[in-house]
Structures are given as C-alpha cells and as structure tokens.
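First up is the structure itself, then whatever we jot down about it.
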Amino acid sequence: MASGGAFRNLRLAVLCLALTSSVGGEASRRFWIENDTFMKDGAPFQIVGGDVHYFRIVPEVRFFLFFLAGVPAFFFFGTAGVPALLLRSSCVTVSETGVEPICNCWILLQEFHQLPQYWKDRLLRAKALGLNTIQTYVPWNLHEPEPQSWEFNGFADLESYLRLAQELGMLVMLRVGPYICGEWDLGGFPPWLLAIEPALKLRSSDSTYLSLVGRWWGVLFPKVAPLLYSNGGPVIMVQIENEFGSFGDDKNYLHYLVQLARRYLGDDIVLYTTDGGAMGNLKNGSISQDDVFAAVDFETGSNPWPIFRLQKKYNLPGKSAPLSSEFYTGWLTHWGESMATTDATSTAKSLKTILCRNGSAVLYMAHGGTNFGFYSGANTGQDESDYKPDLTSYDYDAPIKEHGDVHNSKYKALRRVIHECIGSPLHPLPSDIEKANYGLVKLQKVTSLFDIIANISDPLRCAVSEHPLYMEQIGQMFGFLLYMSEYQGKLPSSILSIPKVHDRAQVFLSCSTDSVRNPRYVGVIERWSSKTLEIPNLGCSANTSLYILVENMGRINYGAYIFDRKGILSPIQIDGVTLHHWKMYPLTFNSLDNLPKLQLITQMPDVRASKVSVIHGHSEKKFQESSFYLNEPEFYEGHFHIDSESEMKDTFISFRGWNKGVVFVNNFNIGRFWHVDHSVPFMFPGQSSDLETTSL
C-alpha cells in the first residue's frame with residue numbers, strides 16, 4: 001500500500017491529467033442525438049452502460065472491528081488508541097462463509113482513508129463486462145448532510161470518481177435528482193428538509209423547496225460543468241429528476257429544473273428523464289418541449305420495441321434514440337424477504353433483444369454494492385404502516401457481486417451477449433478477490449449503554465418538551481432517539497400505546513428512585529405491527545421511569561408517503577392517559593471516538609467472558625447463547641492480530657445467531673444487520689490493513 005503522501009501525489013497526477021485533457025484539440029468533442037441515434041464526435045454511438053454508484057462501493061479502511069448491538073454493546077481501540085463503540089456483542093468468528101457470533105452486535109474498524117480503494121476495481125470489472133458507460137446517482141443527502149454543510153471528500157468525492165471513470169476510458173451518465181429514489185434514504189433528499197415549517201411539498205413547485213434545490217445545484221453544477229464531454233470530461237448526459245411520471249404531473253417543477261441545469265451546464269449537454277414505459281408515466285414525466293430526451297425503463301423480459309416506439313411520441317422528431325436507462329439485472333430486497341434473484345439466461349436474452357437491434361441499454365445494476373451507514377431506504381404497501389425497510393446489502397443480484405466477484409453465470413452470460421451484439425473485444429475475465437479466515441475473537445465486557453447516555457448523546461440536541469418531538473425536529477437525521485418520562489404504576493400491568501412510531505421502539509422500565517442504570521427491557525413496538533404493549537408493574541415506591549429507544553430504520557424512498565419523519569409522531573398513553581414531560585436524547589453514534597477521553601470505559605470482570613469458545617479455521621465448538629443474552633445495552637472489547645502483509649485480505653462477517661445492530665468500520669458506518677435475514681454477511685476489505693493488533 002502506498003504511503004499517504006504517495007496517495008496524495010497520485011491524486012494530483014490524476015487531476016493534472018484530467019485538466020490536460022480539457023485543453024488543446026478538444027473543441028470537436030460533442031455528444032448529441034440525431035436521426036434517432038446517439039452521436040459521438042460525428043459517428044453513431046451505442047450506449048452499453050451500467051449503474052455503478054460511487055457511494056455504494058466499500059471504502060478503504062484498516063482492518064479493525066467494532067460491534068454495537070441493538071441492546072448490549074461493546075467498545076474497542078484501534079491504531080493510536082482510536083476507539084470504536086458498538087451495542088451488544090459477545091464473540092465472533094470470521095471464516096470463508098462469514099463470522100459466527102453469539103448475541104446482538106454492531107461493528108467498527110479504524111481509520112477511514114481519503115478515497116475508496118475499490119472504485120477502480122469495480123469500474124475495471126464493469127469495463128471487462130463490455131460496458132462503455134457508467135451511470136450513477138448523486139444523492140443530495142450525502143453531499144449536504146446539514147444545511148449549507150457541504151461534503152465532497154472520501155467516498156463522497158464525486159469529481160474524483162468521474163475523473164477516474166474517464167481515466168479508465170468510460171463515459172458517464174449523471175443522475176443529479178434532486179430526487180433519485182434508488183432504495184436510498186428519503187430518495188436522496190436530506191432529511192433536514194422534513195423539519196422546515198410550514199412543511200415543504202417535495203418534488204413540486206413549492207417555492208421554498210425550489211430555492212433549496214437551487215442552492216444545492218448552485219454548489220453541485222460548477223463541479224460538474226468542467227467534466228462535461230464538450231469540456232473534455234466524461235459526462236455525456238445529465239438526468240433531471242427520476243421517474244417523476246409515476247409520482248405527479250407538475251410540469252412547472254420540471255421546467256424549473258431544466259432552466260436551472262441549463263444555466264450552469266449550457267445548452268449542449270443532453271438532459272434526459274427516465275420514466276416507466278407506459279403512456280401515463282411518459283405523459284407526466286417527459287418534457288420534450290424543453291429539448292429534454294425521454295428515456296424509458298420497463299420490466300426485464302418485456303418486448304422492448306413497442307415501448308421504444310411509444311418513447312418516440314414523447315421526444316422531438318429525430319431525437320428518440322431507443323434507450324432503456326434502467327435495464328434490471330436483478331431486484332431489491334427488504335428485511336425478512338429472501339434475497340431477490342433473476343435468471344441469468346433470460347436476463348441475457350432480454351438484453352440481446354435490445355443491443356443486437358442497435359438499441360442502447362444501461363444495466364441497473366452492473367454492481368449493486370452496499371447501502372452504507374443509515375442510508376438504506378424503505379418502501380410501503382397499501383399504506384404507510386405497511387413499511388418495508390431495505391437491506392444494508394444492495395447486491396441486487398447484479399453481475400458484479402457486492403463483494404466484487406464476477407465468476408458467476410450472469411456476468412458471463414451478459415458479457416457474451418455484449419460481445420456478440422456490439423463486437424467489443426472480450427477482455428480477460430478478472431480474477432475474484434482473495435479472501436481470508438481470521439478465526440474467533442474473544443470479547444470482554446466494558447460498560448453499559450445506559451451508564452453513558454449523557455456522554456454519547458449530542459448535548460446540543462438533547463431536548464425537553466411536554467410532548468414527544470420527532471427526530472428531525474431536534475436536528476437529528478439518523479440513528480436512535482431515546483425518550484424518557486415517568487408515570488404512576490398502580491395496576492398489576494398496564495397497556496402502553498404509541499399509535500405512530502417510526503420505526504421500531506424498544507421499551508425499558510425502572511423505578512424512578514433507582515439509578516438510571518440497568519432499566520428492565522419489557523418489549524418492542526413496531527411501525528408495521530402492534531402499536532400497543534403490555535408492561536409490568538415494578539412495584540416502585542414512587543414513579544416508574546419509562547425509556548423508549550426508537551430506531552430510524554430508513555426513510556421511505558418511493559411513492560406517496562415519502563414525507564417520512566422519524567421518531568414518535570403521536571401522543572404516548574398508558575392505560576388511556578397521555579404522558580407529558582419528555583426528555584429526548586439523540587444517539588447518532590457520530591462521536592464514538594470521544595469515549596476514551598471521558599474515562600468512563602473501564603474493564604470489568606465478567607464471568608460470561610470465560611464461556612466464549614475459540615474457533616480456528618472451520619472447526620467450531622458449540623456456543624451457549626443463553627449465557628450471553630441480556631436485554632441491557634453493554635460494551636465489549638476484544639483483539640486479534642494480522643502477522644504479515646500476505647495475510648491482509650478481504651473477509652466477511654455474518655451475524656447468524658445475533659439479533660439486531662449496526663456495523664462500523666474505522667469509524668465509518670457500514671450499515672444495519674438484523675436476525676430476520678441471515679443470508680448476507682458483511683464484506684470488509686483487507687488490502688489496506690496494518691500489521692499490528694486489530695481490536696474488536
């Protein structure tokens with residue numbers, strides 16, 4: 001691995017190369033549509049593209065683990081004492097098939113570097129598939145996480161990603177939103193939009209909403225403009241909105257977006273929309289009068305050519321090159337569902353019907369990747385209570401798997417079709433990335449979550465109110481929100497009612513005269529199921545303290561219920577009596593590395609630690625899960641060692657046998673896990689690991 005200085009020098013060299021390519025002899029560069037054909041530099045061009053999202057590709061990390069669980073938790077130190085925190089855990093083994101743990105857990109690894117190490121790897125695998133174009137969304141919430149706080153570093157470094165694509169000989173279709181859908185939290189909108197009063201009408205001509213879109217694009221487009229194809233860059237097309245025709249018909253909104261884009265990007269860039277290949281969708285979502293190209297998407301296996309003929313009716317004469325801008329190679333998966341898969345042979349056959357007749361297609365997805373952090377979205381059924389959150393994994397059954405492997409039937413079948421129809425050379429099939437087994441890690445108990453609530457919650461956003469406040473109302477965008485109040489428990493048991501909780505509430509009780517430590521877990525209330533819970537009488541001499549830990553599991557990203565605030569959105573009642581006087585503690589886990597400075601994490605003896613069995617290779621000893629399961633949040637610590645550079649390899653960690661939590665890697669939030677889906681282990685890159693003790 002190159003040193004930090006060498007890495008910066010490399011980036012500088014790439015920048016100089018990109019700048020050089022935009023001067024001297026580049027005036028003839030042009031991409032346009034005529035005679036219903038894409039044209040590039042005076043010659044017909046067939047787009048064979050694929051979605052590869054820069055924000056879904058695993059970041060470069062050193063190999064250090066943390067685990068933070070749904071109710072117990074733990075803590076570890078990485079390089080230079082940089083710490084990490086996770087809730088509930090006990091022990092874990094990493095093997096070729098995954099990591100075998102015992103209780104709930106989240107993970108963290110140390111030192112997030114400047115650029116994701118696998119951008120180049122995934123793009124080269126896309127190129128070897130036969131693709132000439134990369135398509136990617138640009139999520140607004142990634143780049144403006146707080147109002148006017150702009151983020152374009154690390155895996156949010158869009159400009160570096162676009163330059164890298166050009167360096168590798170790929171063109172780019174850029175999907176700038178402001179709404180993107182994409183199974184991404186709130187469809188790419190920053191959640192602070194939900195806190196504005198009066199409430200915004202998203203995806204509309206609402207003047208306040210439009211002014212905020214204008215501010216965002218006023219930052220984004222000056223970064224994009226130098227990278228347009230006519231300016232020497234790779235960007236040949238820019239998409240406005242996404243599938244708007246299935247949402248609404250506010251053409252003034254679409255006209256405004258076009259005018260704004262033209263102001264920054266000029267008149268030469270091909271702007272486009274994507275809508276479902278049906279008359280109603282195209283009627284509502286197309287804007288041909290603004291010279292915006294209307295592309296279509298449709299179910300894989302449908303006859304594409306009648307849809308392409310319909311597409312022509314919503315484009316200007318001669319401006320309707322047949323393009324499926326989302327050719328589905330697979331499908332999304334929600335928690336609790338079996339992983340979505342599609343047949344390789346039929347998928348390849350469907351692609352052939354487009355490409356071998358000179359149509360263009362963009363594979364959605366070519367490489368799915370991962371919904372990092374708290375960014376995975378959600379869908380709904382008939383109403384908003386029929387809530388279906390998306391997995392952390394966005395593998396999508398794409399030809400390039402989430403972990404980068406390409407030795408699968410779908411990759412090979414699509415590659416053959418592209419070669420047959422386009423005549424592009426068959427590049428050597430890339431080898432799969434080598435992986436390693438790192439064995440079992442023993443953990444020791446360190447502390448409890450409830451002991452340090454005041455220290456790990458954001459003190460500037462803690463709130464006191466007569467009524468429960470929702471997350472965005474107190475400035476919290478992601479994570480958990482702890483609600484605390486008191487009541488008098490007079491009956492043998494009581495009924496707790498929360499009519500509207502977004503999304504999952506864990507409930508704890510303690511006597512108010514007791515220390516805040518170790519409240520008793522009594523159950524859970526979930527958005528998609530029961531809204532009531534029977535809770536016991538603890539026999540307290542005074543009031544009973546009620547703690548409700550609410551998890552935001554991802555905002556709805558598609559459909560009528562997209563305005564999806566999080567937290568508790570209704571009064572809370574016990575036996576029909578509304579509770580008042582609430583304290584709220586936001587838990588975003590953004591400042592976990594501050595924990596050691598608090599000097600609250602001290603090792604404590606725990607008889608359970610001696611029951612952890614060590615696993616070497618593929619041999620296992622039976623775990624005694626009941627010995628580890630507690631319903632109070634706790635922190636644990638453990639370590640393992642990598643002996644040589646040759647042992648630094650990618651690996652997996654699975655959570656089979658665990659409950660629910662979040663995984664952090666080098667203070668970078670990888671995403672959620674949950675026992676309702678055991679099929680997808682997390683992948684961790686090992687190429688940039690350090691030769692020293694790794695802490696878990």
Side-chain angles (χ1 to χ4, degrees), residues 2 7-8 10-22 49-61 112-129 131-145 150-177 180 182 184 188 216-217 219-229 231-239 265 269 362-373 375 394 398 400 402 404 668 685 687-688:
F7 186 78
R8 287 189 290 270
L10 176 61
R11 292 194 66 207
L12 179 59
V14 172
L15 174 61
C16 292
L17 178 64
L19 292 175
T20 301
S21 68
S22 65
D51 270 77
V52 181
H53 301 158
Y54 60 100
F55 49 90
R56 281 183 161 132
I57 297 176
V58 67
E60 181 174 346
V61 297
F112 175 44
H113 289 290
Q114 202 164 9
L115 286 181
Q117 64 177 358
Y118 281 126
W119 275 357
K120 185 174 183 178
D121 175 87
R122 302 306 191 256
L123 291 177
L124 285 174
R125 292 168 189 270
K127 187 172 183 176
L129 183 60
L131 306 187
N132 56 31
T133 303
I134 294 300
Q135 184 171 250
T136 183
Y137 290 124
V138 180
W140 183 1
N141 54 13
L142 178 69
H143 296 289
E144 193 182 6
W150 308 105
E151 182 58 63
F152 289 94
N153 296 313
F155 87 135
D157 191 345
L158 171 64
E159 294 164 281
S160 291
Y161 182 73
L162 299 180
R163 292 190 182 102
L164 177 60
Q166 182 176 25
E167 177 188 334
L168 299 177
M170 309 287 280
L171 300 172
V172 174
M173 297 167 63
L174 201 61
R175 315 177 81 178
V176 297
I180 65 170
W184 196 253
W216 155 230
W217 278 7
V219 172
L220 174 65
F221 283 155
K223 297 177 180 295
V224 172
L227 297 167
L228 299 181
Y229 188 75
N231 293 332
V235 180
I236 56 172
M237 299 172 66
V238 174
Q239 180 178 304
L265 304 180
I269 183 66
V362 181
L363 308 183
Y364 192 96
M365 301 288 296
H367 169 61
T370 306
N371 291 319
F372 291 120
Y375 281 115
Y394 201 63
I400 306 170
E402 181 176 18
F668 180 81
Q687 293 179 3
S688 55

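Nearest heavy-atom pair, Ala398 versus Met365, reported as atom, atom and distance to 0.1 Å: CB-O, 3.3 Å. The shortest heavy-atom contact between Trp119 and Leu164 is CB-CD2, 3.7 Å. The shortest heavy-atom contact between Tyr364 and Tyr394 is OH-OH, 2.9 Å. The two residues Arg122 and Glu402 make their nearest non-hydrogen contact at NH2-O, 3.6 Å. Here the closest non-hydrogen pair linking Phe372 and Ile57 is CE1-O, 3.3 Å. Between Phe152 and Val219, the closest heavy-atom pair is CE1-CG1, 4.0 Å.
Applying the salt bridge (Lys or Arg N to Asp or Glu O under 4.0 Å) rule to Arg175 yields the partners Asp51, Glu326; only residues at least two apart in sequence or on another chain are considered. Qualifying side-chain hydrogen bond (donor to acceptor under 3.5 Å, both in side chains) partners for Asn132, counting only residues two or more places apart in sequence or in other chains: none. With sequence neighbours excluded, the residues that form a side-chain hydrogen bond (donor to acceptor under 3.5 Å, both in side chains) with Asn141 are Trp184.
Atom CD1 in Ile134 sits 3.5 Å away from atom CE in Met170 (nearest 0.5 Å).
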**Prompt:** Can you check side chain to side chain contact (heavy atoms under 4.5 Å, CB included) on Leu131 and Val52, steps first, answer last?
**Reply:** CA-CA 11 Å; Leu131 306 187; Val52 181; 5.6 Å; no

**Request:** Decide yes or no on side chain to side chain contact (heavy atoms under 4.5 Å, CB included) for Arg56 and Tyr375, but give the supporting numbers first.
**Result:** CA-CA 10 Å; Arg56 281 183 161 132; Tyr375 281 115; over 6 Å; no

